[in-house]
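These notes concern the structure reproduced below.
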Amino acid sequence: MGSKIQVKAGSVLIGGGAQVSVQSMLNVPSTDIEGSVRQAAALEEAGCQIIRAAIPDMDAVRLIPALKKAVKAPIVADIHFNYQLALEACAAGVDKIRINPGNIGSDDRVKAVADACRQRGIPIRIGVNSGSLEKEILAKYGHPTPQALCDSALYHASLLEKFDFTDIVLSMKSSTVSTMIQAYELAAQQCDYPLHLGVTEAGTERMGIIKSSAGIGSLLLHGIGDTIRVSLTADPVREVYVAYDILRALDLHTDGVQFVSCPTCGRTRIDLVKIASEVEERLRGCKKNIKVAVMGCVVNGPGEAKEADIGIAGGDGCGLVFKKGEILYKVSEDKLVDALMDEIEKL
Ligand code: SF4
């Protein structure tokens, strides 16, 4: 599972058999230090293990110490083109840098960044995406094919390897799910670097979740990928929730609540859709390792959810609370969610 090489961003191990980590990126302006710090804290609270911030100019470097002070999660500086920004970010205490060495100019500059990162044990993520491939690679393949993305990532990596720098993580994002899947498959065959998975420009929440689950999920299922970022045109905290839900759906993350609910059918006599959303929302952030079931009827509900530690099954305007398939008691519909939450509290 995962890459052969392992790197370390702050206290988080990436690759080499480490647990798949979840990351996200701040989306408040880099000039807004207070807002950035607040958002980083909210991301950390949601479980985000690695937090990336855009560092577009020297002024933004000030963000790094402020973020480091506010959160424990490692901070990644996202830098485009400017090697001096990378050097400054290293000096400011960043834990990881996202930069493409092929975009920063001469070998001397690449060496300066590699040396600064090596000295401080800072890994570099090379982030290739289908919209910004090198002219030569595009000319060779005609358009951003999976091999073109993979070649580009390996080309950038080779520039660091020249200076014996191999603390590298690669990403090859595309907004086309099949392209990104194949690009990562090729990279997993062709190199030993940890892979940061993501579907770029995945879209607003609904489509973004679908594309990310399909792309990231199928790669993880085949043992490819070491750290993940779900991209949504939404609050980044939502990205973290979705990332964990993908990991949970694949049994790659077993901490926290596993929630199951039935699709409802003609037997349902309570407002299960509302009840299920309320339970799910109230369980967000619950750290107990339990399986909770919300089922529409008593005929099939408890039986179908036998594996659940605790659950409810709807009757006609009422419902049963059950524990490991055994019925505990019956309550009216309006008290059902509270009763379930009380029982979960006791577990
Ligand atoms: S648990 Fe009951 S209500 Fe829900 S889908 Fe199954 S039969 Fe229908």
Side-chain angles (χ1 to χ4, degrees), residues 22 46-47 177 199 202-218 220-222 230 232 234-235 237-347:
V22 167
V177 172
V199 178
T204 53
E205 200 157 344
R206 189 185 125 88
M207 208 52 203
I209 289 174
I210 293 171
K211 282 187 164 190
S212 298
S213 310
I216 295 172
S218 55
L220 289 176
L221 206 54
H222 290 96
V230 170
L232 301 176
D235 181 341
V237 165
R238 311 289 304 172
E239 298 183 345
V240 175
Y241 290 156
V242 175
Y244 278 107
D245 287 343
I246 293 174
L247 295 178
R248 239 175 240 125
L250 299 173
D251 290 327
L252 290 173
H253 183 84
T254 47
D255 292 350
V257 177
Q258 211 187 326
F259 181 71
V260 295
S261 58
C262 85
T264 72
C265 71
R267 291 181 194 86
T268 322
R269 292 283 178 273
I270 55 168
D271 189 353
L272 197 78
V273 176
K274 184 167 152 247
I275 290 174
S277 332
E278 194 183 334
V279 172
E280 193 175 35
E281 210 39 57
R282 284 175 66 171
L283 287 174
R284 270 277 172 234
C286 173
K287 305 269 189 280
K288 293 187 176 174
N289 289 348
I290 48 169
K291 188 167 182 179
V292 178
V294 172
M295 308 301 279
C297 75
V298 283
V299 185
N300 294 337
E304 281 179 25
K306 261 203 300 284
E307 313 261 290
D309 295 291
I310 191 90
I312 49 179
D316 196 354
C318 63
L320 298 176
V321 179
F322 60 89
K323 197 171 173 180
K324 304 242 184 232
E326 299 287 319
I327 293 166
L328 294 183
Y329 49 81
K330 184 172 162 181
V331 280
S332 59
E333 180 172 351
D334 58 327
K335 301 212 170 59
L336 205 46
V337 177
D338 285 340
L340 177 67
M341 298 311 293
D342 285 349
E343 291 304 326
I344 290 172
E345 193 67 29
K346 288 187 216 156
L347 289 175

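Worth knowing before you read on, the calculation uses all heavy atoms, side chains too, and leaves out hydrogens, waters and symmetry mates. In this chain, residues are counted from 1 in sequence order. We count ligands from 1, going down the list as the structure has it; atoms in each ligand are counted the same way.
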Is there side-chain contact between R238 and I209, with at least one heavy-atom pair below 4.5 Å?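 The answer is no, as the side chains (C-beta and beyond) never meet within the 4.5 Å cut-off.
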
Could you check whether any side-chain heavy atom of I344 comes within less than 4.5 Å of a side-chain heavy atom of V257, counting everything from C-beta outward? no

Among residues at least two apart in sequence or on other chains, which ones pass side-chain hydrogen bond (donor to acceptor under 3.5 Å, both in side chains) with D251?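 Partners of D251 under the side-chain hydrogen bond (donor to acceptor under 3.5 Å, both in side chains) test: none.
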
Sequence-distant partners of R282, side-chain hydrogen bond (donor to acceptor under 3.5 Å, both in side chains), two or more places apart: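 Checked R282 against side-chain hydrogen bond (donor to acceptor under 3.5 Å, both in side chains); matches are E278, D338.
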
Determine which pairs satisfy side-chain hydrogen bond (donor to acceptor under 3.5 Å, both in side chains) with at least one residue from residues 288-299, sequence neighbours left out, and list them in order.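 Every pair satisfying side-chain hydrogen bond (donor to acceptor under 3.5 Å, both in side chains) with a residue in residues 288-299: there are none.
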
From the list T264, I312, L336, D334, side chain to side chain contact (heavy atoms under 4.5 Å, CB included) with I270 holds only for L336

Have a look around atom 2 (Fe) of ligand 1 and list protein N/O/S atoms under 2.8 Å, or say none. C297 SG

